[in-house]
Protein chains: 2
Amino acid sequence: MIRTIEWTESGVVMLDQRILPGEETYLTFTDYRDVAEAIRALVIRGAPAIGVAAAMGAALGVKNSNAQTVDDLDAEFRTICDTITGTRPTAVNLFWAIERIRSLYERTKSLGLDAVRQALIAEAQTMHREDIEANKAMGRFGQALFPDEGCILTHCNAGALATAGYGTALGVIRAAVEAGKKIRVFADETRPFLQGARLTAWELAHDGIPVTVITDNMAGYFMKKGEIDGIIVGADRIAANGDVANKIGTYSVAILAREHGIPFWVAAPLSTIDRAMPSGDGIEIEQRNPEEVRKIGDTLIVPENVPVAHPAFDVTPSRYIHAIITDRGVALPPYTESIKKLFQND
Amino acid sequence: MIRTIEWTESGVVMLDQRILPGEETYLTFTDYRDVAEAIRALVIRGAPAIGVAAAMGAALGVKNSNAQTVDDLDAEFRTICDTITGTRPTAVNLFWAIERIRSLYERTKSLGLDAVRQALIAEAQTMHREDIEANKAMGRFGQALFPDEGCILTHCNAGALATAGYGTALGVIRAAVEAGKKIRVFADETRPFLQGARLTAWELAHDGIPVTVITDNMAGYFMKKGEIDGIIVGADRIAANGDVANKIGTYSVAILAREHGIPFWVAAPLSTIDRAMPSGDGIEIEQRNPEEVRKIGDTLIVPENVPVAHPAFDVTPSRYIHAIITDRGVALPPYTESIKKLFQND
């Protein structure tokens with residue numbers, strides 16, 4: 001089992017995803033500010049994993065607070081939440097997780113400081129466990145869409161490393177393999193952070209699932225050759241109409257998929273669906289530091305005096321998406337209705 | 001003026017494109033086998049530049065031969081030609097250039113060894129000069145297609161560095177700027193060799209033309225935002241029906257262009273058109289060493305035990321192409337007819 005993030009007695013432990021696959025290093029954070037910085041710096045990434053990290057960061061902040069009463073803690077708790085939510089704007093799980101922690105805080109306040117601390121720590125661990133369960137459920141629902149044998153393309157890393165474990169898109173692939181299907185994977189390397197080349201390749205190889213890495217610009221070539229039977233990706237935020245914000249390049253893959261008549265699936269838990277966002281047009285796209293594009297390791301790949309753009313996400317309109325696989329079942333077009341239905345038992 | 005390749009008394013001099021933009025180093029080759037290896041190893045790349053390098057390499061081989069008579073030289077000349085044409089299978093200019101040199105060899109044989117040597121050296125230099133002239137002509141024809149003001153996306157490097165000078169696609173951009181048009185450029189970084197990030201950015205910055213580098217997977221994002229007014233690329237081989245083999249990823253850009261209603265232009269000299277090739281289906285796609293994808297500088301980006309694919313080119317069917325800009329004018333669809341017409345005065 002890949003341990004992406006864990007709550008331990010000594011702090012929040014994360015596998016440092018910036019240096020995989022070269023090094024497998026675990027970092028222990030004892031200050032919530034360092035957890036926030038780890039989210040911002042991509043030590044941990046992937047919407048569901050960011051959600052869990054946010055919850056654990058908030059619990060850590062409350063655990064380590066010097067406050068003597070809940071009233072003393074109130075202002076500090078707001079700062080903790082604001083610091084964590086201020087790290088990355090696109091993945092909605094970050095805000096969802098902090099909202100869930102905040103709501104629990106309000107509900108347990110009257111029980112005193114110790115009760116709040118215990119409740120938040122327990123909740124963060126529950127969210128970790130629930131995320132894995134959600135991924136397993138997505139796997140069960142989603143794998144039924146896969147052929148018995150074939151090659152699936154994925155973009156970025158929506159795997160164990162992007163979640164508490166098992167993965168969303170890669171969870172569906174894992175479930176298909178566990179169900180006896182003969183699945184091979186093409187992984188887009190996913191510039192600039194190379195989540196596909198570094199992380200998806202690493203974790204699929206770890207599980208013995210056949211994977212071949214391609215540069216992002218090779219996807220169309222292999223689709224045209226008929227070598228790709230389906231595409232599955234994760235999501236950072238899904239609007240109420242089914243538009244999907246995900247790693248930059250997802251939109252291009254979706255257009256290529258339609259041009260070649262290949263199904264394009266999205267796998268994400270309900271916590272990634274932002275029902276307050278009517279369409280993808282309103283989703284804020286994080287613009288990251290151009291230096292993350294300009295250099296790979298110590299190698300300068302763009303001249304110093306040339307500007308570089310670095311939008312970290314794009315939005316795929318729902319019309320390109322064949323199905324959205326969630327932990328409550330598969331939503332099909334039209335998504336406004338099918339997504340509403342998923343939440344009916346809430 | 002950027003000096004991509006030059007014939008000098010001391011040998012064939014090339015700017016080493018593998019280490020730009022970090023280092024500007026010129027290598028001098030005195031053995032035709034080293035010229036062939038330089039072509040294979042991407043010291044020089046770009047179809048027209050490869051053509052010139054091939055001609056200069058053949059001339060160098062003949063110049064340095066120990067043969068005493070043309071008859072002595074015959075077998076060695078065949079080896080020289082085979083060594084050079086065996087380096088890269090996709091760019092047709094390589095074969096075109098060697099065929100032109102071979103034909104001249106046959107025509108001058110009867111004049112004796114010295115005459116052959118002089119003729120071949122002169123021809124290689126003529127081809128260098130003609131290539132620049134062809135690029136200037138393409139620039140004049142092509143720039144008329146550009147808006148007076150706008151942003152043009154290009155993929156790979158079809159610039160001075162891909163030719164004897166001025167460039168094909170970048171030549172059209174240069175000509176538009178010289179004609180007073182306000183052109184900004186987006187350059188796809190073009191994985192894995194990063195010709196866009198390293199070479200296109202370097203040479204446009206050198207000329208003061210505004211350029212922004214993006215990763216290949218960002219092109220769709222900027223098209224959707226309405227920030228791209230046209231796309232221009234070079235070509236490694238154009239079939240008789242107008243199908244275009246070019247750097248891997250070109251096909252995907254062409255599909256994205258059509259999806260967004262953006263014109264997609266190809267600029268290439270007549271020497272890139274392979275009239276013996278009825279369609280792009282028959283063009284051999286070079287499969288390069290996966291290690292060129294796996295490592296960037298010293299940074300390992302794909303785990304050692306995971307396979308990597310590395311097709312270096314793809315084929316864009318002519319139906320995605322709005323115009324093919326050549327040194328004899330602009331060919332429009334249907335290309336089978338318009339391409340035939342370009343050659344009518346041959």
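Computed from a predicted structure; not experimentally measured. Every chain is numbered from 1 and lettered A, B, ... according to where its sequence line falls, protein lines coming before strand lines.
In terms of heavy-atom pairs under 4.5 angstrom with chain B, the leader among A:His260, A:Lys225, A:Met223 is A:His260. Ranked by heavy-atom pairs under 4.5 Å with chain A, the first of B:Leu204, B:Val302, B:Thr299 is B:Val302. Comparing B:Pro192, B:Ala219, B:Ala309 by heavy-atom pairs within less than 4.5 Å of chain A, the highest count is held by B:Ala309. Between chain A and the options B:Leu20, B:Ile214, B:Val315, B:Thr250, the largest number of non-hydrogen pairs under 4.5 Å is found for B:Val315. Counting heavy-atom pairs under 4.5 Å between each of A:Asp314, A:Ile296, A:Asn305 and chain B puts A:Ile296 at the top. Chain B forms more heavy-atom pairs under 4.5 Å with one residue of A:Thr190, A:Asp188, A:Val211 than with any other, namely A:Val211. Per-residue heavy-atom pair counts under 4.5 Å with chain A were compared for B:Ile255, B:Val308, B:Ile301, B:Asn217, and the maximum is reached by B:Asn217. Of the listed residues (A:Asp298, A:Val293, A:Leu256, A:Leu300), the one with the most heavy-atom contacts under 4.5 Å to chain B is A:Leu256. If you tally non-hydrogen atom pairs under 4.5 Å between each of A:Gly249, A:Ala197, A:Gly220, A:Gly297 and chain B, the highest count goes to A:Ala197.
For chain A, no part of B:His206 is nearby; none of its heavy atoms comes within less than 4.5 Å. Of the atoms belonging to B:Phe222, it is side-chain heavy atoms, and not backbone ones, that fall under 4.5 Å from chain A. Of the two parts of B:Ile285, only the side chain, counted from C-beta on, holds a non-hydrogen atom closer than 4.5 Å to a non-hydrogen atom of chain A. Heavy atoms of A:Pro303 lying under 4.5 Å from chain B belong to its backbone as well as its side chain. Only the side chain of B:Arg258 has a heavy atom closer than 4.5 Å to any heavy atom of chain A. Neither the backbone nor the side chain of A:Leu199 comes within contact range of chain B; no heavy atom of the residue lies under 4.5 Å from a heavy atom of that chain. Within the 4.5 angstrom heavy-atom criterion, no atom of B:Val253 approaches chain A. Contact of B:Asp216 with chain A is made through the side chain alone, with heavy-atom distances under 4.5 Å. With a threshold of 4.5 angstrom between heavy atoms, A:Glu304 does not approach chain B through any atom at all. In this structure, the portions of B:Tyr221 lying under 4.5 Å from any heavy atom of chain A include both its backbone and its side chain. For B:Ser252, the parts sitting under 4.5 Å from any heavy atom of chain A are the backbone and the side chain alike. For A:His155, the part sitting under 4.5 Å from any heavy atom of chain B is the side chain, from C-beta outward, and nothing else.
Taking 4.5 Å as the limit, some side-chain heavy atom of A:Ile283 sits within range of a side-chain heavy atom of A:Met277. Counting heavy atoms from C-beta on, the side chains of B:Val266 and B:Asn246 never come closer than 4.5 Å. In this structure, A:Arg3 and A:Leu15 have side chains that are not in contact, with every pair of non-hydrogen atoms separated by 4.5 Å or more. Taking 4.5 Å as the limit, every side-chain heavy atom of A:Met14 sits out of range of all side-chain heavy atoms of A:Tyr26.
Of the residues B:Leu161, B:Leu194, B:Asn157, the one that meets the side-chain contact (heavy atoms from CB on, under 4.5 Å) test with B:Thr200 is B:Asn157. Of the candidates A:Lys247, A:Arg88, A:Arg237, A:Arg88 is the only one forming a salt bridge (charged side-chain N to carboxylate O under 4.0 Å, His left out) with A:Glu286.
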Assess whether side-chain contact (heavy atoms from CB on, under 4.5 Å) is satisfied between A:Phe186 and A:Met218, documenting all intermediate values.
CA-CA 10 Å; A:Phe186 270 117; A:Met218 292 174 191; over 6 Å; no

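Side-chain N/O atoms of A:Glu259 and B:Tyr320 include a donor and acceptor closer than 3.5 Å. In summary, the side chains of B:Gln17 and B:Arg45 do present a donor paired with an acceptor at a separation below 3.5 Å, with no hydrogens or angles considered.
When all heavy atoms are compared, the tightest approach of B:Ala205 to A:Val306 is CB-CG2, 3.7 Å. Considering every non-hydrogen atom in both B:Ala169 and B:Thr154, the closest pair reads CB-OG1, 4.3 Å.
In this structure, B:Arg198 satisfies the cation-pi test against B:Phe193, with its NZ or CZ atom closer than 6.0 Å to the six-membered ring centre and inside 45 degrees of the ring normal.
The existence of a salt bridge linking A:Arg174 and A:Glu203 is confirmed by a sub-4.0 Å separation between a basic side-chain nitrogen and an acidic carboxylate oxygen.
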